[in-house]
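Before any comments, here is the structure.
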Amino acid sequence: MCDTCGCSHSKISLTVKAPGAKSIHDHYHSPQKKIEIQEDVLSKNNLLAQENRRFLKNKNIRTFNLVSSPGSGKTTLLEKTIIALKKNLSIAVIEGDQQTFRDAERIEATGVPAVQINTGTGCHLDAEMIARALQSLPLQDNSLLFIENVGNLVCPAMFDLGEDAKIVIISVTEGDDKPLKYPGMFHAADICVITKTDLSPYVDFEIAACKENALAVNPRLKFFILSAKTGEGMGEWLDWLSHR
């Protein structure tokens, strides 16, 4: 799934284990080699991220990196956010998916510029991809830039793209223990948006428990709880973005 560790064999990332049983791993991994490759990849990425951040800061563009599992409602939230804010703010969007231009086409339909990055088998965006995308977008000074990352709660946590903040999105159709299962992402994020609250009466998801679990990982998290479909809670979210 991921080539960050330099491994091209998909079985390497698998651990097959029954609860309480001894781990079975049929492929040897050199820990030192893995660490060295990750350090090289992340070091190069971080330098490019600094260049992206410098470029965006010089133009006073506030940049938010939206990360989540697939199906959390990121694109719908973006559509509703853009429609509400575009009268008063210039907005642009970088979309990330493994395949298709569907999300970029949805965003362009709202009337703002968008560019799609297709990562193929890659499961995250990196700073180099963002640098190339920035050259393709008609960016305005004093504006907002959203980056919709590939749906994945693991690797995107490791990659600084030059954004001002990572915003992790979790819907009520997921497990409220997800912050404990994927702590790296919730620790890396600055903001947590809990979405699809209109479905709360129909699912076994405790918002208070999700917040408690997320705060156990990252006590600094700020929360927005909303439904992009009904508009409930959108006002606080939009007000926060308008004053960033």
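Everything quoted here is computed from the prediction, not taken from an experiment.
Between Leu221 and Ala189, the shortest heavy-atom contact is CD2-O, 3.7 Å. For the residue pair Val93 and Leu145, the shortest heavy atom distance occurs at N-CD1, 4.1 Å. Considering every non-hydrogen atom in both Ala188 and Ala157, the closest pair reads CB-O, 3.9 Å. Glu174 and Ser72 make their closest contact through OE2-CB, 3.6 Å (heavy atoms, listed as atom of the first residue, atom of the second, distance). The two residues Ser90 and Ser143 have their closest heavy-atom pair at O-CB, 3.0 Å. Looking at every heavy atom in both residues, Val172 comes nearest to Phe205 through O-CB, 3.2 Å.
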**OP:** Could you check Leu56 against Leu134 for side-chain contact (heavy atoms from CB on, under 4.5 Å), going step by step and ending with a plain yes or no?
**Re:** CA-CA 9 Å; Leu56 293 165; Leu134 292 175; 4.0 Å; yes
*asked:* Apply side-chain contact (heavy atoms from CB on, under 4.5 Å) to residues Cys123 and Val154 and explain how you reach the verdict.
replied: CA-CA 9 Å; Cys123 56; Val154 184; over 6 Å; no
- Are Met158 and Leu42 close enough, and set up right, to give a side-chain contact (heavy atoms from CB on, under 4.5 Å), and what steps lead you there? CA-CA 8 Å; Met158 300 167 58; Leu42 293 176; 4.0 Å; yes
- Task: Could you please spell out the steps behind the ring-ring contact (aromatic ring centres under 6.0 Å, His included) verdict for Trp237 and Phe64?
- Result: CA-CA 13 Å; Trp237 160 251; Phe64 300 105; 7.8 Å; no
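No continuous path of hydrophobic side-chain contacts links Leu238 to Ile194 [ILVMFWY only; heavy atoms under 4.5 Å]. Grouping the Ile, Leu, Val, Met, Phe, Trp and Tyr side chains by contacts below 4.5 angstrom, directly or via other members, places Leu241 with Leu89. Linking Ile, Leu, Val, Met, Phe, Trp and Tyr residues whenever their side-chain heavy atoms come within less than 4.5 Å leaves Val193 and Ile225 in two separate clusters. Taken together through direct or relayed side-chain contacts under 4.5 Å among Ile, Leu, Val, Met, Phe, Trp and Tyr, Val168 and Tyr182 form part of one hydrophobic cluster. Hydrophobic clustering (ILVMFWY, side-chain heavy atoms < 4.5 Å, transitive): Val115 and Val112 are in distinct clusters.
Using a distance-only test at 3.5 Å, with no hydrogens or angles considered, a donor-acceptor pair links the side chain of Asn213 to the main chain of Asp176. Distance alone, capped at 3.5 Å, places no donor-acceptor pair between the Thr76 side chain and the Gly73 backbone. Counting only distance, with no hydrogens or angles, the side chain of Asp164 and the backbone of Thr63 share a donor-acceptor pair below 3.5 Å. Formation of a donor-acceptor pair under 3.5 Å by the Glu148 side chain with backbone atoms of Ile94 is not found in this model. Panel note: side chain Asn152, backbone His124; no donor-acceptor pair is recorded below 3.5 Å. Between the Asn52 side chain and the Leu161 main chain, a donor and an acceptor come within less than 3.5 Å of each other. Not a single donor-acceptor pair under 3.5 Å links the side chain of Lys178 to the backbone N or O of Ser69. Between the side chain of Asp239 and the backbone N or O of Gly235 there is no donor-acceptor pair closer than 3.5 Å.
A 4.5 Å side-chain heavy-atom check between Glu128 and Lys44 finds at least one atom pair inside the cut-off. Between Ile167 and Val67, the closest side-chain pair of non-hydrogen atoms is not below 4.5 Å. Using a 4.5 Å heavy-atom threshold, the side chains of Met185 and Pro156 count as touching. Looking at heavy atoms from C-beta onward, Arg102 lies out of side-chain contact with Thr75 at the 4.5 angstrom threshold. Looking only at side-chain heavy atoms (C-beta outward), Phe101 and Asn118 come within less than 4.5 Å of each other. Between Phe55 and Leu139 there is a side-chain heavy-atom pair separated by less than 4.5 Å. Looking at Thr81 and Met234, their side chains come closer than 4.5 Å, going by heavy atoms from C-beta outward. Counting only heavy atoms from C-beta outward, the side chains of Leu77 and Leu226 approach each other to under 4.5 Å.
Taken from CZ in Arg62 to NE2 in His243, the straight-line distance is 13.5 Å, to the nearest 0.5 Å. Separation of atoms NZ (Lys80) and CG (Leu85) is listed at 13.5 Å; rounding is to 0.5 Å. Here the straight-line distance linking atom CD1 of Ile170 with atom NZ of Lys211 works out to 13.0 Å at 0.5 Å rounding. We find the CD1-CG distance between Ile117 and Leu125 to be 5.0 Å, quoted to the nearest 0.5 Å. Atom CG of Asp97 sits about 7.5 Å away from atom OG1 of Thr119, to the nearest 0.5 Å. In this structure, CZ in Phe186 is found 9.0 Å from CG in Leu180, a value given to the nearest 0.5 Å.
Enclosure of atom CG in Asp204 is not indicated, since only 12 or fewer non-hydrogen atoms of other residues, nucleotides or ligands lie within 6.0 angstrom. By the 6.0 Å contact criterion, NZ on Lys222 is enclosed, its count of non-hydrogen atoms from other residues, nucleotides or ligands being greater than 12. The neighbour count for Lys59 NZ, taken as heavy atoms of other residues, nucleotides or ligands under 6.0 Å away, is above 12.
A donor-acceptor contact under 3.5 angstrom links the side chains of Asn142 and Asn60, judged on distance only. A donor and an acceptor atom, one from each side chain of Asn65 and Asn149, are located under 3.5 Å apart.
A salt bridge is defined here as a Lys NZ or Arg NE, NH1 or NH2 lying under 4.0 Å from an Asp or Glu carboxylate O, and Asp160 with Arg53 meets this definition.
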